Amino acid sequence: MGEQYNHAAVEDKWTKYWAKNPINVNDGKKPKYYCLDMFPYPSGNGLHVGHWRGYVISDVWSRYKLMKGHYLIHPMGWDAFGLPAENYAIKMGIHPAVSTAENIKNIKRQINQIAAIYDWDMEVNTTDPGFYKWTQWIFVQMFKKGLAYEKEMPINWCPSCKTGLANEEVVSGKCERCGADVTKKDLKQWMLKITAYADRLLDDLDKLDWPEKVKKMQTEWIGRSYGAEVDFKIDGRDEAITVYTTRPDTLYGATFMVLAPEHKLSPTLATDETRAAVEQYITDSANKSNVDRLQNKEKTGVFTGSYAINPMNGAKIPIWLSDYVLADYGTGAIMCVPAHDDRDFEFAKKFDIPIVQVIAKDGKEIENMEEAYTEASGLMINSGDWNGMESSELKVKAPHIIEEKGFGHAKKNYKLRDWVFSRQRYWGEPIPIVHCPKCGAVPVPEEELPLTLPDVEKYEPTGTGESPLAAIEEWVNCKCPVCGEAAKRETNTMPQWAGSSWYFLRYVDNKNDKELVDKAKAHEYLPVDMYIGGVEHAVLHLLYSRFYTKFLYDIGVVDFEEPFKKLFNQGMVTGKNGVKMSKSMGNVVSPDDLVRDYGCDSLRMYELFVGPPELDSEWDDRGIDGVNRFLNRFWNLVMENKDKDVAETEELKTIRSQLVDTITKRLESFSLNTVVSGFMEFSNTLSKLSAKGGVDKETLKTFARLLAPFAPHIAEEIYEILGGEGSVFASGWPEADAAALVVNTKEIAVQINGKMRATIKIDVNADKDTVISAAKEAAGKWLTDNIVKEIYVPGKIVNIVCK
RNA sequence: GCCGGCAUGUCGGAAUUGGCAGACGAGACAGACUCAAAAUCUGUUAUCCGCAAGGGUGUGUGGGUUCAAGUCCCACUGCCGGCACCA
C-alpha cells in the first residue's frame with residue numbers, strides 16, 4: 001500500500017497551484033454562468049458550519065458548470081452596513097468601519113478555507129463610498145421619478161433600539177432585532193413607492209424558475225385583490241365615507257359600517273351623547289401597542305351615534321369605530337355585511353346589529369344563522385333589482401353598475417405597502433437630500449456623490465427620533481444646490497436593504513466610477529443564472545431586489561427586468577434537536593477546527609452529506625468521520641492500482657458509465673447528499689474489484705474528475721498521480737458511454753399475492769411467458785393451482801395472484 | 001385561525017416517482033492486527049416467533065384505491081416554518 005493521504009500537504013499544494021494557474025478564465029468564447037451567493041453580513045462571530053454549507057453548495061454547482069465549459073461569474077462581497085456594527089460601536093467605542101473591517105478580514109479567511117473559486121477582483125462592500133455612491137445615485141433617480149417621497153406617518157417605534165422600524169422588521173408586534181414591544185411614533189419618513197410596481201412584481205413571478213413556495217409567499221405578500229370603492233353618504237351631512245370592498249355583490253346586505261379609529265372622519269362622527277365614549281376609544285387604540293391589538297381577539301368597538309345611507313337601498317345604517325379595521329389598508333373604512341363575512345358577523349352578534357342575508361344558500365334563506373355564509377356563489381335575495389342574479393357573476397358586474405349610478409368605481413388593492421426607507425441611525429448610507437426652506441427637498445447633485453458618511457463622536461440614537469448625524473452642525477448645515485441659500489442636510493440614513501437590493505449588478509464592473517455598471521458588461525454577464533441562499537429572504541430581500549432591477553430597467557441602466565433567473569434555498573444547519581445555532585444557546589460549531597483536523601475536502605463533503613440541501617439538517621460532528629474515511633479509502637484504492645496497469649474490462653466499463661450517469665443525474669437534480677453516498681457506493685464496489693484483480697486507470701481518473709467539484713484538492717492530486725495533464729478542472733465533465741449503460745440481464749423480484757418470495761435473473765428482452773415460468777419455478781412452493789392473474793412489468797417485477 | 005413543509009431502525013438519512021423498504025453513513029457489538037491502545041481491516045446490526053431452516057409484523061394514526069402503497073385518495077394526530085382581523 002502507498003503512503004497515507006496527507007490532507008494538509010495536498011491542500012496546501014493545490015491552493016498554491018490555483019493561485020498561480022487560475023482555473024476560471026474568460027477566453028471570450030465560453031458561455032458565461034453567473035452563480036451568486038447571498039453575500040454575508042460580516043458579523044463579529046464569524047461563520048459557522050451553516051453558513052459554510054450554502055457556500056459549499058454554490059461552489060460545487062459553480063465548479064460543475066466550469067467543467068461543463070462555462071466562464072464563471074462567482075463573486076463575493078459584504079453587506080456591511082447595519083445595526084450590529086453600530087451597537088458594537090456604542091458598547092465598545094470602536095468605529096463601525098474599524099470593527100467591520102476586522103470582521104471582514106476574519107470571515108474572508110474562513111471563506112478562503114472553503115476553497116471556493118470566488119473572483120476576489122469583483123469584491124464589493126456596501127460601506128465603500130465607491131459603492132454607496134451608486135446606492136445614493138439610485139435613490140436620487142427614484143426621487144426624480146417621484147418614487148421616493150416624504151411622508152409624515154405613524155411609524156413603528158422601538159423604544160429599546162430608539163429607532164423607527166419598517167413594518168417588515170416588526171415580528172408579531174416585537175422588534176425583529178431586540179424583541180422589545182414596538183409602539184408608535186409620528187415621524188417624517190422617506191418612502192419608496194414599491195406599490196407602483198406591484199402588478200409587475202406579481203405578474204413577472206410566472207417567468208421565474210424559483211421554488212413555488214417562494215413565489216407563493218411573494219404573491220401573498222403583494223396580496224392583490226379586485227373589488228370596488230363605494231361612497232356611503234353620511235346621514236345629514238354632505239360628506240361621504242368611501243369604503244373598499246371585494247364583495248360589491250353583497251351591497252344590499254350592508255347593515256352597518258366600521259371605521260378605523262385613526263380614520264380622519266372618526267372624531268367628527270360623535271354626537272353629544274357618544275362623544276366621551278368615542279374619544280376614549282380613539283385614545284385607547286392609539287395607546288395600544290400592536291401586540292395588545294393583535295392579542296385581543298375579542299372584537300371591541302363603539303357606536304359613533306352617526307348613520308350612513310346605503311346607496312343601494314337608502315337604508316340608514318349605523319357607523320361604528322373598531323380597531324379590527326386597519327387604517328392603512330384600503331380606505332380605512334369598511335361596509336359590513338354580517339351575513340357573508342366572518343368578522344362582520346362576529347361584530348354584529350356582539351353588538352346586536354341586524355343581519356340581512358343577500359345570497360341564498362342551497363336556494364334558501366338560512367334560518368337561525370350561526371355563522372356567516374362566505375361562499376361567493378348562489379342566487380341573490382333581498383337585493384332589489386339584483387334579486388335572482390348569480391352572485392359570482394354579479395361580483396364582477398357590480399363595480400360597473402355602481403360606477404354608472406355614480407357612487408363608486410372598480411378598484412384594485414394590494415396588501416403591499418410602500419417601503420419606509422429612512423433609519424434614524426448612523427451606520428448606513430446618508431440619504432442624499434438637502435432640505436431648503438425655499439426649494440423644499442432637493443437632491444444632492446449627482447457629481448457631488450458619494451455624499452460620504454462623516455465621523456461622529458457618539459453613535460447612540462438620539463432617542464428623539466433624529467439620527468446621530470443631526471448633531472454634526474458643520475455637516476448638517478449646507479447650501480441649497482438649487483438657490484444657494486442656507487439649507488440643512490437630511491440626517492436619516494438608508495436601511496441595510498438599500499445596498500443588498502442591487503449589489504449583484506456591481507460585481508461585474510466594481511471599479512467603474514462613471515456608471516453604476518457598464519451597459520455592455522451588464523448585458524454580457526447578467527442577469528444572475530443561479531442565486532443561492534437561505535429561505536429567510538424569501539420575501540423582503542428578493543422582492544426589493546426585483547423592484548430595484550425593474551426600476552433600473554425602466555431608466556435604461558440594465559436590459560433585463562428580473563435579476564435572478566433561478567433560485568435555490570438551502571436549509572438551515574441546526575444544532576442537536578433542530579435548535580438554531582446561536583451564541584446564546586452555545587451550540588455554534590465553527591468550521592475552523594474541522595478544517596484543520598479533517599481538511600477542507602472532508603468538511604465540504606460532509607456539509608453536503610449531512611442531509612438534503614433544501615431541508616434543515618442537524619449537525620453532528622461525528623458524521624464527518626464517515627466522509628473522511630471514504631476519502632482515505634479512495635486514496636488507498638488509487639495507491640493500490642496506480643502502478644498495476646490493469647486492463648479495462650467490460651465490467652469496469654459498465655461500472656464507469658454507471659458512475660458518470662448516476663453522479664450527473666443526482667447533481668443535475670441538486671440531490672447533493674445522494675451524490676456523496678453514490679461516490680461511497682461506487683468506491684466500495686471498486687475496492688472489491690481491486691481485491692479481486694484491480695481497477696483500471698481510466699475508471700479511477702473518471703472518478704477523480706467527478707469528485708473534483710466536491711473535493712477539489714484530492715481530486716487534483718489523484719488526477720495528477722494517474723497521469724492527467726494539467727488541472728482536473730480543465731478535463732471537462734465526463735460523459736457516460738451509452739452503450740455500456742445497456743444491461744442485458746437483471747435481477748428482479750417475484751411476488752406472490754403481493755408478497756416478495758424470490759428473485760430471478762432475467763434477460764431484459766425476454767418475453768412475458770419466459771419470465772413468468774422462471775418466476776413460477778423460483779417461487780413454486782408459494783403457488784396454488786388456482787392462478788388468478790400474472791403480472792410482469794418488463795425489467796421490474798413479477799407478481800402472481802393465486803387463491 | 002389560514003397557508004406551506006415534514007413524519008421511515010439507536011441516530012442522520014436512501015428508495016430510479018406506484019414495483020425487492022432501510023442504500024450510504026454514524027453509533028453499537030464481535031473478530032483480525034497490536035505487548036496495549038488508537039488507526040485500519042472483516043463481519044453483524046428494523047422487530048417478533050424459532051436451536052435452525054424458515055415464517056410473521058413493520059415507513060405517525062384510522063380508513064380507502066390497486067395485482068402491488070413510504071409513495072396516490074379521504075379523515076386525523078404531532079412537529080417545524082411563514083402570515084396574522086387585508087374588507
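In what follows, chains carry the letters A, B, and so on, assigned in the order in which the sequence lines appear, proteins first and then strands, with residues in each chain numbered from 1. Just so you know, these numbers use all the heavy atoms, side chains as well, and skip hydrogens, waters and symmetry mates. Keep in mind it's a predicted model, so treat the numbers as computed, not measured.
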J.: Considering just the side-chain nitrogens and oxygens of A:Asn684, establish if one lies under 4.0 Å of OP1 or OP2 belonging to B:G25.
T.: yes
J.: If we take the C1' atom in both B:C49 and B:U40, what is their distance in whole Å?
T.: 39 Å
J.: How many whole angstroms separate atom CG of A:Asp620 from atom P of B:C24?
T.: 19 Å
J.: Assign A:Lys213 to base, sugar-phosphate, or nothing according to its heavy-atom contacts below 4.0 angstrom with the strands shown.
T.: sugar-phosphate
J.: Roughly how many Å apart are B:G4 and B:G43, using the C1' atom of each and rounding to a whole number?
T.: 46 Å
J.: Does a nitrogen or oxygen in the side chain of A:Tyr329 sit under 4.0 Å from OP1 or OP2 of B:A87?
T.: yes
J.: Before we go on, tell me: are the rings of A:Phe568 and A:Trp210 under 6.0 Å apart, centre to centre?
T.: no
J.: Thinking salt bridges, do A:Lys776 and A:Glu790 make one under a 4.0 Å N-O criterion?
T.: yes
J.: If you restrict it to nitrogen or oxygen atoms, what contacts under 3.5 Å exist between nucleotides 19-23 of chain B and the protein, and what is each distance?
T.:
| from | atom 1 | to | atom 2 | distance (Å) |
| --- | --- | --- | --- | --- |
| B:G19 | N2 | A:Gln751 | OE1 | 3.4 |
| B:C20 | N4 | A:Glu747 | O | 3.3 |
| B:A23 | O2' | A:Glu681 | OE2 | 3.0 |

J.: Please determine which of A:Trp497, A:Trp221, A:Tyr197 meets the ring pair (Phe, Tyr, Trp, His ring centres under 6.0 Å) test together with A:Tyr544.
T.: A:Trp497
J.: For A:Lys789 and B:A68, give me the distance from atom NZ to atom P, rounded to whole Å.
T.: 9 Å
J.: Return the stems involving RNA chain B, sorted by first number, where pairs are Watson-Crick (N1-N3 with N6-O4 or O6-N4) or G-U wobble (N1-O2 and O6-N3), both under 3.5 Å, and runs are 3 or more long.
T.: B:1-7 with B:77-83, B:10-12 with B:24-26, B:27-32 with B:40-45, B:46-49 with B:54-57, B:60-64 with B:72-76
J.: Which is it for B:U17, anti or syn, if anything within 90° of zero counts as syn?
T.: syn
J.: Measure the distance from CD1 on A:Ile787 to C1' on B:C67 and round it to the nearest whole Å.
T.: 13 Å
J.: Could you go through the side-chain contact (heavy atoms from CB on, under 4.5 Å) check for A:Val243 and A:Phe232 one step at a time?
T.: CA-CA 8 Å; A:Val243 303; A:Phe232 283 66; 3.8 Å; yes
J.: Using the P atom as the point on both nucleotides, what is the distance between B:U71 and B:G82, in whole Å?
T.: 29 Å
J.: Is A:Lys216 side chain donor-acceptor paired with the B:C3 base, going by distance under 3.5 Å alone?
T.: no
J.: Looking only at atom P, what distance separates B:U44 and B:A26, rounded to whole Å?
T.: 15 Å
J.: Give the nucleotide from the list B:C86, B:A87, B:C67 with an atom nearest to the side chain of A:Arg343.
T.: B:C86
J.: Does the distance from a Lys or Arg side-chain N to an Asp or Glu carboxylate O, for A:Lys349 and A:Glu346, drop under 4.0 Å?
T.: no
J.: Distance check, P atoms only: B:C6 and B:A14, in whole angstrom units.
T.: 12 Å
J.: Identify whether any heavy atom of A:Trp619 sits under 4.0 Å from a base atom; if not, whether one sits that close to sugar-phosphate; answer base, sugar-phosphate or nothing.
T.: nothing
J.: Given the C1' atoms of B:G27 and B:A46, what is the spacing between them in whole Å?
T.: 15 Å
J.: Please confirm whether A:Lys768 makes a cation-pi placement over A:Tyr792, using NZ or CZ under 6.0 Å from the six-membered ring centre and within 45° of the ring normal.
T.: no
J.: Nearest whole Å is fine: how far is B:C2 C1' from A:Glu220 CD?
T.: 9 Å
J.: State, without any angle test, whether A:Glu640 and A:Ser690 hold a side-chain donor-acceptor pair at a distance under 3.5 Å.
T.: yes
J.: Describe, in one word, how the ring planes of A:Phe351 and A:Phe347 are oriented to each other, choosing from parallel (under 30°), tilted (30 to 60°) and perpendicular (over 60°).
T.: tilted
J.: Can you tell me the distance, in whole Å, between the CG atom of A:Leu659 and the P atom of B:C24?
T.: 15 Å
J.: Should the pair A:Phe703 and A:Phe679 be assigned to parallel (<30°), tilted (30 to 60°) or perpendicular (>60°) ring geometry?
T.: tilted
J.: Could you classify B:G13 for me, syn or anti, using a glycosidic angle within 90° of 0 as syn?
T.: anti
J.: For the pair made of CE in A:Met680 and P in B:G13, what is the distance, rounded to whole Å?
T.: 15 Å
J.: Using a cut-off of less than 4.0 Å, is there contact between a side-chain N or O of A:Arg622 and OP1 or OP2 of B:G12?
T.: no
J.: Taking the P atom of each, how far is B:C79 from B:U42, in whole Å?
T.: 44 Å
J.: Indicate whether the side chain of A:Ser225 and that of A:Asn413 have a donor and an acceptor atom separated by less than 3.5 Å.
T.: no
J.: B:C85 C1' sits how many Å from A:Leu259 CG, rounded?
T.: 16 Å
J.: Provide the distance between the two P atoms, one in B:U45 and one in B:G22, to the nearest whole Å.
T.: 12 Å
J.: When the nearest nucleotide of RNA chain B is assigned to A:Val676 and to A:Gly754 on a heavy-atom basis, which residue is associated with the more 5' position?
T.: A:Val676
J.: Please set out all donor-acceptor pairs under 3.5 angstrom arising from side-chain atoms of residues 742-757 of chain A, sequence neighbours excluded.
T.:
| from | atom 1 | to | atom 2 | distance (Å) |
| --- | --- | --- | --- | --- |
| A:Lys746 | NZ | A:Gly795 | O | 3.1 |
| A:Asn753 | OD1 | A:Cys802 | N | 2.9 |
| A:Asn753 | ND2 | A:Cys802 | O | 3.1 |

J.: Output, in order, the C-alpha distance, side-chain angles, deciding distance and verdict of side-chain contact (heavy atoms from CB on, under 4.5 Å) for A:Val230 and A:Ile402.
T.: CA-CA 8 Å; A:Val230 186; A:Ile402 292 163; 4.1 Å; yes
J.: Nearest-Å distance, CZ (A:Arg757) to P (B:G54)?
T.: 13 Å
J.: Report yes if at least one side-chain N or O of A:Arg629 is closer than 4.0 Å to OP1 or OP2 of B:U40; otherwise report no.
T.: yes
J.: Does A:Arg633 put a side-chain nitrogen or oxygen below 4.0 Å from OP1 or OP2 of B:C24?
T.: no
